[in-house]
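Notes to accompany the following structure.
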Amino acid sequence: MRSFLFTKMHGLGNSYIYVNMFKERLAEEELSYIAKRVSNVHTGIGSDGLILICPSDVAPVKMRIFNSDGSEGKNCGNGLRCVAKYAYEHGIVQEEQFLIETLSGLVEARVFVEDGKVNSVEVNMGKPRLSRAEIPMIGKANDVVISEPVDFEGHTYYMTGVSMGNPHAVFYVDHIEQAPVTTLGPVVEKDERFPEGVNVEFVEVVSERELHFRVWERGSGVTQACGTGACAAVVASVLNGKTKRDEETVVHLAGGDLYITWKENGDVLMRGAAETICTGVYYY
Ligand SMILES: N[C@@H](CCC[C@H](N)C(=O)O)C(=O)O
């Protein structure tokens with residue numbers, strides 16, 4: 001029987017099984033299978049997926065993220081904050097500001113430390129990508145998707161498309177508790193207009209500085225929080241004239257709050273908590 005050491009961590013209830021690949025060896029062809037296994041709440045550890053903390057040629061550390069269905073994502077906002085906390089607390093990095101490589105590029109993390117422990121993390125998530133080709137969504141490559149009418153199952157909805165290194169479709173609702181997360185979410189996720197699938201976000205605007213947010217994640221379904229999704233929601237809200245550029249917006253997710261600013265220079269800053277739940281040995 002094989003085994004590896006793991007740490008379970010969460011960002012606002014968006015939990016992953018983290019494996020330190022500076023020390024552990026997992027076969028590339030088994031990663032998808034392992035992600036599905038560990039995520040299972042009954043027969044595994046229970047999580048929204050698997051995150052590998054890996055050596056990198058271009059940064060002190062690299063993140064790889066696998067959803068609970070075994071698919072690999074290109075970015076993960078809550079995962080980045082947890083990777084930053086782990087890297088700092090385990091001595092992979094010594095500085096409080098450092099780069100993390102992802103499959104969608106480099107981001108910069110800054111950890112806020114108290115008594116040697118990281119209690120929150122800010123990540124510069126870089127610039128959102130807005131063209132259909134970048135999201136990706138079918139249609140004219142250079143066009144943006146802002147409050148575009150789209151039909152799903154005989155109803156018209158208004159959708160804004162944003163890539164934060166991974167694809168997001170944002171919809172506005174009047175009451176967040178009535179958002180059709182589990183009904184419209186899976187339909188949009190798998191719609192053929194998104195060749196790589198899409199994460200689906202529902203947003204209620206409270207004020208110019210405050211949003212309620214729920215998510216159906218590509219590859220994981222309903223989760224308590226999605227960092228890239230919350231960034232996409234803030235970008236979409238600026239594009240739709242609901243919030244302001246260069247001003248911090250608080251996003252209330254099911255698992256807690258994120259503080260997000262779409263800076264005038266184009267970068268998106270995300271700040272929030274990262275927590276360690278437990279460590280252990282997983283047998284497979
Ligand atoms: N929970 C994440 C995003 C994880 C990946 C996503 N489901 C995808 O497939 O793109 C976050 O916090 O951003």
Side-chain angles (χ1 to χ4, degrees), residues 8-18 31-32 35-36 38-39 46-53 62-86 100 102-105 107 109 120-126 128-129 134-137 161-170 181-182 185-186 188-191 194-203 213-236 251-260 268-275:
K8 183 172 177 180
M9 304 180 80
H10 77 96
L12 311 177
N14 187 202
S15 69
Y16 293 92
I17 304 307
Y18 290 78
L31 295 177
S32 168
K36 282 192 262 189
V38 296
S39 302
S47 67
D48 296 318
L50 170 74
I51 288 188
L52 305 179
I53 302 168
K62 174 178 175 177
M63 175 186 76
R64 284 182 71 187
I65 181 253
F66 293 82
N67 294 308
S68 57
D69 72 352
S71 61
E72 186 165 14
K74 290 190 177 146
N75 204 1
C76 178
N78 293 320
L80 283 166
R81 296 198 314 284
C82 290
V83 168
K85 176 181 170 75
Y86 185 101
I100 304 177
T102 72
L103 285 191
S104 65
V107 299
S120 70
V121 181
E122 182 174 84
V123 183
N124 183 339
M125 302 289 287
R129 301 155 205 183
E134 290 168 305
I135 292 171
M137 184 178 171
V162 176
S163 168
M164 290 304 308
N166 58 350
H168 297 275
V170 179
V181 186
T182 55
V188 179
E189 178 200 1
K190 305 265 186 225
D191 191 272
F194 300 99
E196 295 178 10
V198 72
N199 298 288
V200 188
E201 282 86 24
F202 298 93
V203 176
F213 172 100
R214 292 293 181 272
V215 64
W216 175 273
E217 278 197 40
R218 173 178 72 169
S220 293
V222 174
T223 64
Q224 294 282 291
C226 177
T228 50
C231 293
V234 169
V235 169
V251 183
H252 304 299
L253 303 98
D257 293 345
L258 281 175
Y259 299 87
I260 296 172
V268 178
L269 299 185
M270 171 197 62
R271 182 166 47 84
E275 311 267 0

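Sequential numbering from 1 along the given sequence is applied to the chain's residues. Numbering of ligands and ligand atoms starts at 1, following listing order.
For the pair Asn67 (side chain) and Asp69 (backbone), a donor-acceptor distance under 3.5 Å is absent. Side-chain N or O atoms of Asn199 include none that pairs as donor or acceptor with a backbone N or O of Val215 at under 3.5 Å.
Residues satisfying the salt bridge (Lys or Arg N to Asp or Glu O under 4.0 Å) criterion with Asp191, sequence neighbours excluded, are Arg193. Looking at residues two or more places apart in sequence or on another chain, you find a salt bridge (Lys or Arg N to Asp or Glu O under 4.0 Å) between Lys74 and Glu196. Every side-chain contact (heavy atoms from CB on, under 4.5 Å) that Glu134 has, sequence neighbours left out, goes to Arg129, Ser131.
Enumerated by chain and number, the residues approaching ligand 1 to less than 4.0 Å through a heavy atom are Asn14, Tyr16, Ile65, Asn67, Asn75, Cys76, Gly77, Asn78, Asn166, Asn199, Glu217, Arg218, Cys226, Gly227, Thr228.
Across all their heavy atoms, Phe213 and Val251 have their closest contact at CB-CG1, 3.6 Å.
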